[in-house]
Asker: 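Okay, here's the structure, questions in a sec.
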Amino acid sequence: MSQKTDSILPNVIVAIPAAGVGSRMGASQPKQYLSLLGQTVLEHTVNKFLSLDCVQNVVIAISKTDPYFNQLPIASHPKVVVVDGGKERADSVANAVNWAKGKGNDWILVHDAARPCVDKRDVLNLIKQAQTSQRNAILGMPVKDTMKRTKKHAYSQDFIQSTGASVAGEQIDHTVSRNQLWHAFTPQCCKLSELSSALTELTNDKGQLDGRVTDEASALELCGFDVDIIESSPKNIKITVPDDLLLAEFYLKSENNEH
Ligand SMILES: Nc1ccn([C@@H]2O[C@H](COP(=O)(O)OP(=O)(O)OP(=O)(O)O)[C@@H](O)[C@H]2O)c(=O)n1
Ligand SMILES: C[C@](O)(CO)[C@H](O)COP(=O)(O)O
């Protein structure tokens with residue numbers, strides 16, 4: 001069912017990095033292809049954006065050796081475009097950005113395939129805010145727990161031997177103030193021209209992207225572009241480890257009950 005959006009919303013291109021291997025999930029296949037309520041994680045994510053009228057294309061970056069994608073119904077959707085994934089997430093995003101350039105869109109939303117529980121209302125609010133402010137904007141959530149910075153070095157052998165106990169974890173160095181500390185989520189709504197020039201600027205002469213670029217906002221920040229962060233539903237989790245699947249299934253079920 002398509003979701004009518006306000007007329008002020010610009011047409012956007014959505015980039016979905018979906019070329020990861022999901023090593024922390026430890027599953028037999030990449031986590032974006034694991035099943036939740038009868039559909040893959042990737043399908044849940046992509047279908048959310050295909051249901052928005054303001055989405056012109058969904059550009060999905062998949063591994064060059066991906067044997068799963070073409071078996072999915074979304075592979076034949078007219079709005080879906082496929083590009084090659086890269087070594088890192090940022091490389092996959094850069095390939096999607098390169099496809100998006102010259103298509104007449106000012107805005108690109110980048111959203112992890114591994115975040116199927118994103119609330120469409122949060123997505124529309126994000127686009128509306130970016131369009132109104134003419135500034136890049138991402139979804140996120142203020143930190144709620146006390147945050148600790150641990151010591152650089154692991155326990156010394158002397159320390160372990162002196163305690164005799166098998167110590168786990170790391171040594172706390174200090175507490176970090178959680179004021180102005182947020183979790184960055186996706187989508188990240190970026191001016192295509194600014195994200196494109198930032199990724200280009202942060203790519204060296206060997207074609208390698210700066211390792212500090214773990215999300216689109218970090219690339220924009222490093223190149224001096226403005227980025228805002230607005231609060232998202234905490235349901236917008238990134239499926240990373242097995243327990244996340246249980247939570248994602250619960251959230252998706254609750255979505256189905258809402259509609
Ligand atoms: N080279 C890569 C690495 C990651 N991703 C995508 O970026 C998103 C967020 O990355 P992450 O959660 O780290 O996924 P993985 O890299 O697959 O997970 P892991 O780090 O556990 O291997 C995922 O949708 C993943 O598919 C990608 O498109 N290309
Ligand atoms: C982009 C991101 O979702 C922001 O929190 C996150 O960085 C992606 O996960 P990764 O493990 O850093 O690739």
Side-chain angles (χ1 to χ4, degrees), residues 14-34 36 40-49 58-69 72 74 81-100 108-118 122-123 126 136-143 181-190 195 198-199 202-203 207-222 227-245 247-248:
V14 177
I16 304 281
V21 296
S23 55
R24 288 169 286 182
M25 180 59 73
S28 56
Q29 62 200 81
K31 61 189 179 184
Q32 57 271 32
Y33 293 109
L34 295 176
L36 283 176
T40 62
V41 169
L42 179 59
E43 287 171 290
H44 281 289
T45 300
V46 171
N47 284 329
K48 289 220 169 148
F49 291 95
V58 177
V59 190
I60 308 174
I62 64 172
S63 165
K64 291 174 185 169
T65 57
D66 182 313
Y68 309 102
F69 182 76
L72 304 180
I74 55 172
V81 171
V82 173
V83 296
D84 286 340
K87 182 171 179 293
E88 303 297 335
R89 178 186 179 281
D91 301 306
S92 299
V93 170
N95 290 343
V97 166
N98 286 334
W99 182 90
I108 185 165
L109 259 74
V110 184
H111 184 69
D112 296 329
R115 291 184 186 269
C117 304
V118 65
D122 288 342
V123 175
L126 179 72
N136 306 291
I138 75 171
L139 291 184
M141 186 177 75
V143 163
L181 200 56
W182 287 59
H183 296 275
F185 291 172
T186 67
Q188 304 204 358
C189 185
C190 311
L195 181 58
L199 291 174
L202 293 165
T203 301
Q208 297 157 333
L209 252 164
D210 187 314
R212 295 172 294 173
V213 178
T214 56
D215 68 346
E216 291 59 66
S218 47
L220 293 163
E221 296 153 33
L222 286 166
V227 193
D228 298 327
I229 187 165
I230 63 176
E231 192 153 357
S232 151
S233 161
K235 296 179 184 175
N236 186 12
I237 63 168
K238 180 166 70 76
I239 295 175
T240 305
V241 294
D243 282 354
D244 296 329
L245 286 169
L247 200 49

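Numbers here are sequence positions counted from 1. In each ligand, atom 1 is the first atom listed, and ligand 1 is the first ligand listed.
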Asker: Would you mind checking which non-hydrogen protein atom is closest to atom 2 (C) of ligand 2, with the distance to 0.1 Å?
Answerer: D112 OD2, 3.7 Å

Asker: Please tell me if the side chains of P187 and V118 come closer than 4.5 Å, counting only heavy atoms from C-beta onward.
Answerer: yes

Asker: Measuring from atom CG of L126 to atom CZ of F185, what distance do you get when rounded to the nearest 0.5 angstrom?
Answerer: 13.0 Å

Asker: Which heavy atom in A15 sits nearest to a heavy atom in I108, and how many Å separate them?
Answerer: CB-CD1, 4.0 Å

Asker: Compare all side-chain heavy atoms of L34 with those of Q29 and state whether any distance is below 4.5 angstrom.
Answerer: yes

Asker: Give me the nearest non-hydrogen protein atom to atom 11 (O) of ligand 2 as residue plus atom name, then the distance to 0.1 Å.
Answerer: R24 NH2, 2.9 Å

Asker: With side-chain contact (heavy atoms from CB on, under 4.5 Å) as the test, would you mind laying out the steps for V110 and T186 before giving the verdict?
Answerer: CA-CA 7 Å; V110 184; T186 67; 5.8 Å; no

Asker: Polar contacts were defined as any N/O atom of the residue lying under 3.5 Å from an N/O atom of the ligand; does this apply to D215 and ligand 2?
Answerer: no

Asker: Applying a heavy-atom distance cut-off of 4.0 Å, which protein residues contact ligand 1?
Answerer: P17, A18, A19, G20, V21, G22, S23, R24, K31, Q32, G86, K87, E88, R89, S92, D112, A113, A114, K238

Asker: At a 4.0 Å threshold, what atoms of ligand 2 neighbour a non-hydrogen atom of T214?
Answerer: 1 (C), 7 (O)

Asker: Minimum heavy-atom separation for D215 and A184, please, with both atom names.
Answerer: OD2-CB, 3.8 Å

Asker: So between S92, A217, A184, S218, whose heavy atom ends up nearest atom 4 (C) of ligand 2?
Answerer: A184

Asker: If the cut-off is 4.0 Å to any non-hydrogen atom of K238, which atoms of ligand 2 fall inside it?
Answerer: 3 (O), 8 (C), 9 (O), 11 (O)

Asker: Side chain or backbone, does R115 bring an N or O within less than 3.5 Å of an N or O on ligand 2?
Answerer: yes

Asker: Give a yes/no verdict on whether any heavy atom in H111 is under 4.0 Å from an atom of ligand 2.
Answerer: no

Asker: Does E88 approach ligand 2 within less than 4.0 angstrom via side chain, backbone, both or neither, non-hydrogen atoms only?
Answerer: neither

Asker: Identify the heavy atoms of I239 and M25 that sit nearest to each other, and give their distance.
Answerer: CG2-CE, 3.4 Å

Asker: Can an N or O of F185 be found at a distance shorter than 3.5 Å from an N or O of ligand 2?
Answerer: no

Asker: Ignoring hydrogens, what is the shortest heavy-atom contact between A248 and I237? Give both atom names and the distance.
Answerer: N-CD1, 4.0 Å

Asker: For K235, check side chain to side chain donor-acceptor pair (under 3.5 Å) against everything at least two apart and list the hits.
Answerer: none

Asker: Roughly how far, to the nearest 0.5 Å, is the OG1 atom of T40 from the CG atom of N47?
Answerer: 8.5 Å

Asker: How close do R89 and T214 get, heavy atom to heavy atom, and via which atoms?
Answerer: NH1-O, 3.8 Å

Asker: Could an N or O of ligand 2 be found under 3.5 Å from any N or O of R89, whether backbone or side chain?
Answerer: no

